[in-house]
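Remarks on the structure that follows.
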Amino acid sequence: MIEVKELTRRYGRHYAVDKVSFHLERGEVVGLLGPNGAGKTTTMRILAGFLPATSAERLEVAGHDVLRNSLKVRESIGYLPESVPLYREMKVWEMLDFHGRLHRMGRKDRRRRTVEVLEQVGVSERSHQLVGTLSRGLRQRVGLAVALLPEPPVLILDEPTSGLDPLQRREVRSLVRDLTDDHTVLVSSHILAEIESMCSRVLVMAQGQLVADGTRQELEQRLGGSEGVRLEAFVGADPSGALELLKSLPGVLRVELGERLGIHQGFVIHGEGDLREDVGALAAQEGWAIRELSSQMRSLEDVFAQLVAGNAVELAGAKGLDESSDPVLDDGGGLLQLQSSSAPSADPGGEGKPARKMIYSLNPFDQGTSRDLGAPMEIDDPGSSDSKPDDPEVRS
Ligand code: ATP
């Protein structure tokens, strides 16, 4: 449904996105995770047709080439930018109707879909309220309603929970989860728990590069795997005998002595695969009274920190700052792969260039690739008040 191969976007000599490749199957919900400045927004804006790529071997959404057929691509995408472009002087239903017109939907269709999407995002009761008077959380929902209106097969949601309070975040997360039956979704965040709760697969970006692609379990396994088994049991006064027996189990690499809680001794057993059954069998054989036997999951946060740190080391090496640095990850090519360690090449022409002004257009690719295209009006941006709802260049 989404096919990205060797996507690069440069700002002067700075590589915001550097040879990134990934694909999304129909119906997948994939999280794009990365720290600030990793290149998530840039990638999403390119896919949504708001920003031209510097180069790409292949860039397709819903079977359409993003570079050659961006209008078709935009018809297939519901895009929720990080700063939701809404019109504060319109009522909620008016704004949806307006977006329906932009999508050339007939009157009947617009009415039907407006009712449906407002219901879906839980804003039906506010349909006659002015957008500008809605809380931030509700505005975010209205933004989502706008993205869903034309029933696009693909949804691109850039930090849909940013700026929301914990309750609103939870509501938006659950909304996104509910979308998964009918849509292919690419959703970005720099909050790990969020991606974990919404997505079946994670793409991790750092410094413009894709550093990992896989399910949570795959990422954890690829990064050294053994989460460890935690055992808490009564093994007698001296735990050393139990320690040796645990070490002798097949597949066990290391055993750590944990805390002693009353009569119970804690152990953490590291090794290959899931060792719980073997540890349980040994405990039964030795007559240890078990209080806890569980698998210790490494948090996605640890995985993420390791991935991002690994990429930083690799980039430093590639730039000659630390020639001796080996890539932290070297898994020989499964789902989790470090991208090429090519350093950003020099572009003297672009050096020291100031950031260019954001402008709007219906078709960025008609204008060549030399300018940046911004999203339409941001609701809280006083500087953009000249953008009018009937501006023919404003897109949904
Ligand atoms: P965040 O989570 O903070 O939104 P991000 O992962 O979405 O970050 P991007 O906004 O894609 O990151 O930015 C990637 C890099 O490109 C950053 O280093 C950023 O400074 C740079 N960048 C983005 N837009 C421009 C621009 N218009 N001109 C110059 N550099 C830019």
Any side-chain to backbone donor/acceptor pair from [X] onto [Y]? Under 3.5 Å, distance only.
{"X": "Thr184", "Y": "Gly27", "result": "yes"}
{"X": "Ser76", "Y": "Lys72", "result": "yes"}
{"X": "Lys40", "Y": "Gly34", "result": "yes"}
{"X": "Glu259", "Y": "Gln265", "result": "no"}
{"X": "Thr54", "Y": "Arg10", "result": "yes"}
{"X": "Arg291", "Y": "Glu232", "result": "no"}
{"X": "His128", "Y": "Lys91", "result": "no"}
{"X": "Arg9", "Y": "Pro52", "result": "yes"}
{"X": "Arg26", "Y": "Met1", "result": "no"}
{"X": "Ser21", "Y": "Glu6", "result": "yes"}

Kindly compute the distance separating [atom1] ([X]) from [atom2] ([Y]), expressed to the nearest 0.5 Å.
{"X": "Ile156", "Y": "Leu80", "atom1": "CD1", "atom2": "CG", "result": "11.0 Å"}
{"X": "Glu25", "Y": "Glu3", "atom1": "CD", "atom2": "CD", "result": "8.5 Å"}
{"X": "Arg230", "Y": "Ser294", "atom1": "CZ", "atom2": "OG", "result": "7.0 Å"}
{"X": "Leu186", "Y": "Phe22", "atom1": "CG", "atom2": "CZ", "result": "5.5 Å"}
{"X": "Thr161", "Y": "Arg173", "atom1": "OG1", "atom2": "CZ", "result": "7.0 Å"}

Decide yes or no on salt bridge (charged side-chain N to carboxylate O under 4.0 Å, His left out) for Glu151 and Arg112, but give the supporting numbers first.
CA-CA 12 Å; Glu151 302 183 77; Arg112 175 182 61 84; 3.6 Å; yes
Are [Y] and [X] connected into the same hydrophobic cluster when the rule is that any two of I, L, V, M, F, W, Y join if their side-chain heavy atoms are below 4.5 Å apart?
{"X": "Val17", "Y": "Tyr11", "result": "yes"}
{"X": "Ile269", "Y": "Leu257", "result": "yes"}
{"X": "Trp93", "Y": "Val117", "result": "no"}

Report yes if the side chains of Glu256 and His270 come closer than 4.5 Å at any heavy-atom pair, otherwise no.
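A side-chain contact exists here, since the closest heavy-atom pair is under 4.5 Å.
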Are His183 and Leu148 close enough that some pair of their side-chain heavy atoms sits under 4.5 Å apart?
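The answer is yes, as the side chains (C-beta and beyond) meet within the 4.5 Å cut-off.
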Salt bridge flag under 4.0 Å for residues Glu75 and Arg104:
yes
Salt-bridge present (Arg201, Asp213; N to O < 4.0 Å):
yes
Phe98 and Tyr87 aromatic ring geometry - parallel, tilted or perpendicular at 30°/60° bounds:
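Perpendicular.
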For [X], is the [atom1] atom crowded, meaning more than 12 foreign heavy atoms sit under 6.0 Å from it?
{"X": "Arg113", "atom1": "CZ", "answer": "yes"}
{"X": "Arg68", "atom1": "CZ", "answer": "no"}
{"X": "Arg170", "atom1": "CZ", "answer": "no"}
{"X": "Glu292", "atom1": "CD", "answer": "yes"}

Using a 3.5 Å cut-off and no angle test, enumerate the donor-acceptor pairs between side-chain atoms of residues 237-252 and protein atoms at least two apart in sequence or in another chain.
unit_1	atom_1	unit_2	atom_2	d
Asp238	OD1	Ser240	N	3.0
Asp238	OD1	Ser240	OG	2.9
Asp238	OD2	Ser240	OG	2.9
Ser248	OG	Leu245	O	2.6

What are the two closest non-hydrogen atoms of [X] and [Y], and how far apart are they?
{"X": "Val20", "Y": "Gly208", "answer": "CG2-O, 3.4 Å"}
{"X": "Leu210", "Y": "Met205", "answer": "CD1-CG, 4.0 Å"}
{"X": "Pro160", "Y": "Ser188", "answer": "CD-O, 3.6 Å"}

Determine, stepwise, if the pair Arg110 / Thr114 fulfils side-chain hydrogen bond (donor to acceptor under 3.5 Å, both in side chains).
CA-CA 6 Å; Arg110 292 201 306 269; Thr114 297; over 6 Å; no
Any side-chain donor paired with an acceptor under 3.5 Å for Arg74 and Ser70?
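A pair is found: one side chain offers a donor N or O, the other an acceptor, under 3.5 Å apart.
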